[in-house]
*Asks:* 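Quick one: the structure is below, questions incoming.
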Amino acid sequence: ITTETFFDFMAVRLNADRAAGHRFVIDWRFSDTGRSLVLNLEHSTLTHMPGPATDATLVVTTTRPVLDSLMVKQSTVAQCLENGGLTVQG
């Protein structure tokens with residue numbers, strides 16, 4: 001699936017009641033493709049758009065294969081952070 005479709009899936013699965021009152025902007029940077037997508041949570045709604053973000057709360061840098069491995073639970077966020085497949089700033 002495309003990265004956009006994956007983020008759409010995350011938006012559909014969002015528990016709006018638990019997200020109420022929270023806000024964040026995550027700039028997802030894919031070093032293998034040079035693409036950036038911005039994931040935004042505001043008003044209990046998760047949206048995405050092409051990046052980069054100028055107001056990111058967090059910047060996540062990874063590759064699409066690492067995201068794929070996370071999606072199918074072949075690896076965990078902790079493992080990817082430890083092996084350098086995922087970096088987080090912010």
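Everything quoted here is computed from the prediction, not taken from an experiment. Excluded from the calculations below are hydrogen atoms, water molecules and symmetry mates; all remaining heavy atoms, backbone and side chain alike, are included.
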*Asks:* Locate the shortest heavy-atom distance separating S75 from S69; write the atom from each residue and the value.
*Replies:* OG-OG, 2.7 Å
*Asks:* Does anything in residues 42-59 pair up under salt bridge (charged side-chain N to carboxylate O under 4.0 Å, His left out), and if so which pairs, sequence neighbours excluded?
*Replies:*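 Output for this query lists R23-E42, R23-D55.
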*Asks:* With E82, which residues qualify under side chain to side chain donor-acceptor pair (under 3.5 Å), at least two apart?
*Replies:* none
*Asks:* Using a 3.5 Å cut-off and no angle test, enumerate the donor-acceptor pairs between side-chain atoms of residues 1-13 and protein atoms at least two apart in sequence or in another chain.
*Replies:*
unit_1	atom_1	unit_2	atom_2	d
T2	OG1	T5	N	3.0
T2	OG1	T5	OG1	2.8
T3	OG1	R64	NH1	2.7
E4	OE2	R35	NH1	3.4
E4	OE2	R35	NH2	2.4
D8	OD1	H48	NE2	2.8

*Asks:* Please collect all salt bridge (charged side-chain N to carboxylate O under 4.0 Å, His left out) contacts where either partner lies in residues 45-54, sequence neighbours excluded, each pair once.
*Replies:*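 Applying salt bridge (charged side-chain N to carboxylate O under 4.0 Å, His left out) to every pair that reaches into residues 45-54, excluding sequence neighbours, yields nothing.
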*Asks:* With sequence neighbours left out, write down each residue that passes salt bridge (Lys or Arg N to Asp or Glu O under 4.0 Å) with D17, or none if nothing qualifies.
*Replies:* none
*Asks:* Take L58 and D27, measure what side chain to side chain contact (heavy atoms under 4.5 Å, CB included) needs, and give me the verdict at the end.
*Replies:* CA-CA 6 Å; L58 200 64; D27 189 352; over 6 Å; no
*Asks:* Should side-chain heavy atoms under 4.5 Å link Ile, Leu, Val, Met, Phe, Trp and Tyr, which residues sit in the same cluster as V38?
*Replies:* V25, M49
*Asks:* In Å, rounded to the nearest 0.5 Å, how long is the span from OG1 of T63 to CG of D32?
*Replies:* 5.0 Å
*Asks:* Would you indicate whether the side-chain heavy atoms of R29 and V59 approach each other to under 4.5 Å?
*Replies:* yes
*Asks:* Would you sort out whether L67 and F30 count as a side chain to side chain contact (heavy atoms under 4.5 Å, CB included), showing the intermediate values?
*Replies:* CA-CA 9 Å; L67 181 62; F30 294 91; 3.9 Å; yes
*Asks:* With a 4.5 Å limit on heavy-atom distance, are the side chains of L14 and L41 in contact?
*Replies:* yes
*Asks:* How would you list, by chain and number, every residue that makes a side chain to side chain donor-acceptor pair (under 3.5 Å) with N40, sequence neighbours excluded?
*Replies:* none
*Asks:* Using residues 83-90 as the side-chain source, report each donor-acceptor pair under 3.5 Å to any protein atom, sequence neighbours left out, with the distance given to one decimal.
*Replies:*
unit_1	atom_1	unit_2	atom_2	d
N83	OD1	G85	N	2.8
N83	ND2	Q79	O	3.4

*Asks:* Ignoring hydrogens and angles, tell me if any N or O in the side chain of T57 forms a donor-acceptor pair with the backbone of F24 under 3.5 Å.
*Replies:* no
*Asks:* With T62, which residues qualify under side chain to side chain donor-acceptor pair (under 3.5 Å), at least two apart?
*Replies:* none
*Asks:* From R18 CZ over to S44 OG, what is the distance, rounded to the nearest 0.5 angstrom?
*Replies:* 12.0 Å
